[in-house]
Amino acid sequence: MADIDTASLAPISQNPDIRYLGRILGDVIRAYGGEKLFRQTEYIRSASVDRHRGIAGADEIDTGLEALNLDDTLSFVRGFMLFSMLANLAEDRQGVAQENGATVAEAVERLRQNGVADEAINDLLAHSLIVPVLTAHPTEVRRKSMIDHKNRVADLMKLRDAGLDETPSGDRIDEALHRQIALLWQTRPLRRERLFVADEVENARAYMQDVFLPVLPMLYARWERVLGHRPPAFLRLGSWIGGDRDGNPFVTAEALRHALGRQAETALVHYLDGVHALGQDLSIATGLSNTPSAVLELAESSGDNAPSRADEPYRRALAGIYARLCATHVALTGKQPPRPSAIDGEAYASPGDLRRDLVVLANGLADNGAGILASGGALGRLIRAVEIFGFHLATLDLRQNSDVHERVVGELLKVAGVCPDYSALDEAARIALLRAELGHSRLLINRWHDYGEETVKELAIVEAAAQAHARYGPQSITAYNISKAESVSDMLEVNLLLKEAGLYRPGAVPQAAIMAVPLFETIGDLENAPQIMRAYFALPEIAALVKARGYQEVMVGYSDSNKDGGYLTSTWSLNHASRALAKVFAETGIAMQLFHGRGGAVGRGGGSSFAAIRAQPRGTVQGRIRITEQGEVIAAKYGTVESAELNLEAITSAALIATLDHDGVSEADETRFAAAMDMISRDAFRTYRDLVYGTEGFNQFFRAATPISEIADLKIGSRPASRSKSQRIEDLRAIPWVFSWAQARIMLPGWYGVGQALGGFADKGLLAAMAQGWPFFQALLGNMEMVLAKSDMTIARHYAGLVPDEALREHVFGEIRSGWNAAHDSLLSITGQPRLLANNPALDTSIRLRLPYIEPLNLLQIELIKRHRAGEADERISEGIQLSINAIATALRNSG
Ligand code: PGA
């Protein structure tokens with residue numbers, strides 16, 4: 001019989017913070033949920049802990065779960081979810097996620113030690129571009145209110161670490177924590193309404209305002225000290241929110257305008273606050289200092305004639321800058337700023353003009369001998385912020401599916417009488433036609449024609465993009481990503497649409513204010529990517545355009561390639577494609593910028609970004625990299641100033657190392673290893689495809705054994721779960737595919753096919769050598785190991801029980817289980833470990849702590865799904881399912 005520990009919800013953890021917070025949560029549950037709920041929760045918890053320690057069977061968990069009525073069930077699930085949330089918080093505080101060598105200071109130190117000259121580092125940074133790109137991909141199950149409460153708990157824990165008893169406002173910290181956790185307990189974790197694009201814009205905007213705006217300038221100041229010089233703004237922020245319309249009908253021209261407007265407003269208010277604060281600070285008087293003439297001129301032209309400030313030129317100049325910023329706010333957002341200016345000013349035409357004024361003041365301070373005031377400090381950070389964020393804050397990408405472009409271009413050509421049926425043309429004919437169209441200045445659009453709805457919508461987008469350039473500057477939108485790109489014409493079609501809005505200008509050297517960026521995302525498209533890019537660059541006008549721009553971006557998709565070909569083949573194809581693309585770019589003398597479309601779960605390219613960037617093949621980073629940051633990953637990495645610092649340091653340092661001191665293997669080894677991977681990948685691909693696309697009834701198994709249909713009802717994003725009404729796996733979006741396998745603890749996209757392929761590879765010595773010395777293979781195995789440790793075939797068996805057809809169930813589950821065993825066994829034999837995660841104690845502890853909390857949730861979820869699917873109409877059943885999905889995702893972390 002499991003013991004009941006009446007004072008704790010976390011007795012197995014060695015982490016004192018987890019114990020402390022678990023105890024408070026226990027008290028809160030008892031106080032607000034009642035003694036009975038507390039005892040029931042505690043009973044199930046300790047029964048589950050005992051089972052995971054191997055000292056009890058599953059019967060006691062079942063007994064505990066059976067005793068819960070529906071109301072208790074909802075409260076129980078919330079309790080377990082909150083425990084996981086608090087445990088995540090405690091671990092993050094301990095920097096479990098932190099990686100060694102993951103700061104720019106450490107990277108620079110390593111580079112210097114390895115003989116890389118400072119000039120090489122500086123040269124690289126002069127041409128670098130590193131961009132985390134926030135997307136609204138729907139994998140964040142938590143409401144923002146829950147995340148905000150959690151962050152307040154973290155803030156209180158920081159005060160407690162500092163040895164304080166009281167908060168700055170005089171509350172006792174222990175009591176404040178109780179209060180905060182009680183609020184968490186009483187906050188509804190599920191959204192009542194679905195999310196709109198505007199909500200997604202606001203969520204991201206909060207991170208931009210609270211985290212990115214302050215953190216980036218601060219990091220630059222730190223890096224400036226490390227590097228001994230001032231690098232340009234190579235690390236910037238990107239976003240897809242309001243610009244990614246692939247499969248999301250709600251992202252319209254209006255949404256694009258809204259997103260950009262809100263971003264601009266946020267940036268300008270930040271600058272206004274900064275200028276206002278500087279105005280309070282820089283009270284330097286002419287009689288007491290030597291003010292350079294440039295500052296005096298700025299003060300004179302400011303329009304600030306207040307007698308009280310007559311001898312304070314910096315304050316007067318800042319009042320003028322403030323007034324001009326207010327006018328800029330009105331011009332760009334159509335609204336007065338929160339604190340309008342007392343004097344009038346002319347709107348700044350560009351961020352460069354604002355920067356110029358601020359630099360006058362910084363130089364003035366330096367001339368004045370007050371160098372210490374000028375170099376850095378609040379003014380330095382403000383100048384840096386303007387360089388990084390301009391008036392747009394984050395560069396917003398456009399994204400649409402190539403099929404849509406094809407239809408729109410088809411209609412334009414038809415209406416203009418150029419081509420009656422574009423879709424009937426073969427690739428060569430399409431290219432010829434599009435090039436001819438791109439070559440002359442006549443436009444296709446007829447303003448008086450009634451185009452179809454889709455065409456009208458798409459044209460409105462490019463039009464809105466052109467307006468955005470005029471309003472916020474060219475940095476506001478730089479890339480147009482083309483989903484499911486598979487040909488040269490896919491890129492030319494986008495250039496043609498851009499041309500209609502004046503964003504592509506023909507000429508001997510054409511100019512494109514927005515770059516058409518192909519996204520290659522199936523195994524076949526990744527294989528073809530190098531030849532497609534070679535053919536694109538072979539078009540003289542494109543070569544001229546790209547050379548003038550200096551670089552070209554290619555995006556590679558992790559999730560869809562995984563869904564198409566399985567974990568190992570996807571990972572290897574991405575590596576292969578990157579290397580082959582790097583060769584094509586090198587031949588044509590064009591700098592390559594890869595954009596990695598990855599999510600949080602391993603099946604979507606998740607795992608450590610630091611390791612992932614360092615494991616990129618030699619020559620593929622070149623100081624330029626963009627990476628998507630999505631869903632729950634955004635809160636995990638950028639939820640607080642501290643975590644954002646760690647993660648931005650990590651990606652920047654990894655990019656430096658990957659470019660200048662690649663820790664790959666010798667060329668001879670690489671050739672040997674690559675040949676082995678080609679073989680293994682072929683096998684893994686076959687095994688994966690046989691199961692997922694070649695097994696009759698597999699789709700039926702998937703839809704019954706996982707909560708895929710229940711996930712589609714979660715209100716976690718504005719985008720529909722499927723691109724079309726079809727039930728085919730090919731048409732299902734990768735996110736719900738990965739998410740539902742994670743819930744059922746099968747996590748097939750993170751390992752299936754790998755075990756059989758590795759097991760069948762004869763040269764075990766070679767595999768061991770690859771695991772020892774090849775970062776690519778280490779990352780591949782390491783991520784798979786984490787997934788294997790989080791999956792559980794005993795629980796998976798229960799989910800399989802949801803499949804009504806017994807023969808199908810036994811057959812498919814049998815394949816899955818033997819595949820899992822093969823992956824598990826081959827991983828241990830290659831790495832020489834006695835058990836999973838033996839070499840990664842921190843992660844091992846973290847996962848072991850979680851498992852006893854997840855299993856009862858899984859068992860409950862299965863019961864509720866059974867009742868739901870049997871037609872029971874009680875709303876608490878669907879609510880319980882949604883809550884359990886939420887709780888399991890929180891406990892598993894990076895599962896979406
Ligand atoms: P997508 O993204 O469905 O927007 O292509 C896939 C993913 O991020 O997993």
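As the structure lists them, so they are numbered: ligands from 1, and atoms in each ligand from 1. Only a predicted model underlies this, so the values are computations on that prediction, with no experimental measurement involved.
With sequence neighbours left out, H469 forms a ring-ring contact (aromatic ring centres under 6.0 Å, His included) with no residue at all. Judged as a ring-ring contact (aromatic ring centres under 6.0 Å, His included), and not counting sequence neighbours, Y207 has no contacts. By the side chain to side chain donor-acceptor pair (under 3.5 Å) test, R407 is found to be paired with E454, residues two or more places apart in sequence or in another chain being considered.
By the 4.0 Å N-to-carboxylate-O rule, D246 lies close enough to R733 to be salt-bridged with it.
Residues N575 and M677 have side chains not in contact (no heavy-atom distance under 4.5 Å, counting atoms from C-beta outward).
Separation of the H405 and Y480 ring centroids falls under the 6.0 Å cut-off.
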Pairs under 3.5 Å, nitrogen or oxygen of ligand 1 with protein nitrogen or oxygen:
unit_1, atom_1, unit_2, atom_2, d
ligand 1, 2 (O), H137, NE2, 3.1
ligand 1, 3 (O), R719, NH2, 3.1
ligand 1, 3 (O), R733, NE, 3.0
ligand 1, 3 (O), R733, NH2, 3.2
ligand 1, 4 (O), H137, NE2, 2.7
ligand 1, 4 (O), R399, NH1, 2.8
ligand 1, 4 (O), R399, NH2, 3.3
ligand 1, 4 (O), R719, NH1, 2.8
ligand 1, 4 (O), R733, NH2, 3.3
ligand 1, 5 (O), R399, NH2, 2.8
ligand 1, 8 (O), R604, NH2, 3.0
ligand 1, 8 (O), Q630, OE1, 3.2
ligand 1, 8 (O), Q630, NE2, 3.4
ligand 1, 9 (O), S559, OG, 2.3
ligand 1, 9 (O), R604, NE, 2.4
ligand 1, 9 (O), R604, NH2, 3.2

